[in-house]
J.: 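The structure under discussion is supplied below as structure tokens; questions concerning it will follow.
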There are 2 protein chains.
Amino acid sequence: MREAARRLIARHGFAAVSMRKIAAEVGVQAGALYNYIPDKQTLLFEIMQAHMEELLTARAELDAPADPVQALEQFTRFHIRFHSNRPDEVFIAYMELRNLTPENFAAIEAMRRTYEDQLTEILVAGVAAGHFRLAEPRVTTMALIAMLTGVNTWFREEGRLSLDEVEGIYLDMVRRTVAA
Amino acid sequence: MREAARRLIARHGFAAVSMRKIAAEVGVQAGALYNYIPDKQTLLFEIMQAHMEELLTARAELDAPADPVQALEQFTRFHIRFHSNRPDEVFIAYMELRNLTPENFAAIEAMRRTYEDQLTEILVAGVAAGHFRLAEPRVTTMALIAMLTGVNTWFREEGRLSLDEVEGIYLDMVRRTVAA
DNA sequence: GTCTATATTGAGATAGAC
DNA sequence: GTCTATCTCAATATAGAC
């Protein structure tokens, strides 16, 4: 059910997807969905929450990098790979924030902030160690994440470039952006 | 009316905004809106179309830059300034593409592609002149535009940094990304 | 050109049979 | 645990009075 909802919401938007359509996709009647969720809002929140938790968990499972330079490479490759593998979830996580209740919004935002802070810490450590040069770690964090997430807007599995090649190209741009 | 629709759609999403709410914002009844547009879809399309036309017109009115290096600076500053001045329109133009009919979608996409091509041309010319070094002009175009548009997700007029300062920081990152 | 009124459709959610 | 049936509300769009 959550899988069906994810696909439909990513394609049409949360407000445009009715419980009836989700039920039809699953192969049941609308009433049956309410055995699993109390309301539509909860469904959206759970999709976003699961996505953000997967993101933070997957990051936590990576090997500890030797230095900030390796940490930056690891972050870059991880971000591109994780997000390009989940276009629907990423789309929803960015587009449907406004459809969350204030409490649910705050919870998702806190997780996103936690993730962003990991890149900021890498940048600050790299500057301290003399590997990187940048004036505003927070601005650079937002700029790099926007750049990397942007891969999702154009990358296609069947395209000319493989994801490995794309990772390499973006890694080069990231390194230049912060190089000492 | 279009102004009211823009504000509401940016905040709640196209599907979540009813003609009644737009009418209430304007101060009339819902039926009266249909003297100005044939249907809701046309309203969305006209908002997006007007935005893209303004974008292309504003670009066309800029002075011709002396070389690719200046062209890149001009593009960067223009992009940040134009988009940060119109957060609602930018949000709608990126988020509501899926709510356009196929014909309307194609029209908006063509205009967006025209704009992107302008940056690609600057990059290619800069490479040819030996100012820039980059492997994939099209990938770099998408990466830079994503990075620059990302300013809208965090920049606030009341914040610590002025828009001028932000422009300078992003210009530095853009230059590094393509530097020979 | 805007109003009221309405036709028609579909939304979220619930009740109760099975 | 899923169904049918339904409550209540609100949606887009139109008709016709003024």
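To find a chain, count down the sequence lines: A is the first, B the second, and so on, and within it residues start at 1.
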J.: Could you state the atom-to-atom distance from NE2 of A:H12 to P of C:dA11 in whole Å?
T.: 12 Å
J.: Measure from CE on A:M1 to C1' on D:dT2 and round the result to the nearest Å.
T.: 14 Å
J.: Quick one: which of C:dA13, C:dG1, D:dT2 gets closest to the side chain of B:Y36?
T.: C:dG1
J.: What contact category does B:V17 fall into here, base, sugar-phosphate, or nothing, at under 4.0 angstrom with non-hydrogen atoms?
T.: sugar-phosphate
J.: Can you tell me which nucleotide in D:dA13, D:dT4, D:dT6 comes closest to the side chain of A:Q29?
T.: D:dT4
J.: What is the distance from NZ of B:K40 to P of D:dA10, rounded to the nearest Å?
T.: 15 Å
J.: Calculate the interatomic distance between B:Y34 atom OH and D:dA15 atom P; express it in whole Å.
T.: 13 Å
J.: Using the ring of each side chain (for Trp, its six-membered ring), is A:H83 parallel, tilted or perpendicular to A:H51, with breaks at 30° and 60°?
T.: perpendicular
J.: For the side chain of A:A32, starting at C-beta, report the closest nucleotide among D:dA13, D:dA11, D:dC3.
T.: D:dC3
J.: May I have the distance from A:N35 (atom CG) to D:dT2 (atom C1'), rounded to whole angstrom?
T.: 7 Å
J.: Starting at the 5' end of DNA chain C, which residue's closest nucleotide do you reach first, A:A16 or A:G31?
T.: A:A16
J.: If I take atom CG in residue B:N99 and atom C1' in nucleotide D:dA11, what distance separates them, rounded to the nearest angstrom?
T.: 15 Å
J.: Round to a whole Å and report the spacing from CE of B:M19 to P of C:dA11.
T.: 19 Å
J.: At less than 3.5 Å, do the side-chain atoms of A:R20 and the base atoms of C:dG10 form a donor-acceptor pair?
T.: no
J.: Say you draw a straight line from OG1 of B:T140 to CE of A:M173; how long is it, rounded to the nearest 0.5 Å?
T.: 5.0 Å
J.: Does B:R112 make a cation-pi contact with B:Y94 (under 6.0 Å, within 45 degrees of the axis)?
T.: yes
J.: From NZ of A:K21 over to P of C:dG10, roughly how many Å is that when rounded to an integer?
T.: 9 Å
J.: Given the ring of A:Y36, does A:R2 sit roughly above its face, with NZ or CZ under 6.0 Å from the centre of the six-membered ring and within 45° of the axis?
T.: no
J.: Looking only at side-chain atoms of A:S18, point me to the closest of C:dG12, D:dG1, D:dT4.
T.: C:dG12
J.: Which distance, rounded to the nearest 0.5 Å, do you find between the CD of B:E136 and the CG of A:D172?
T.: 11.5 Å
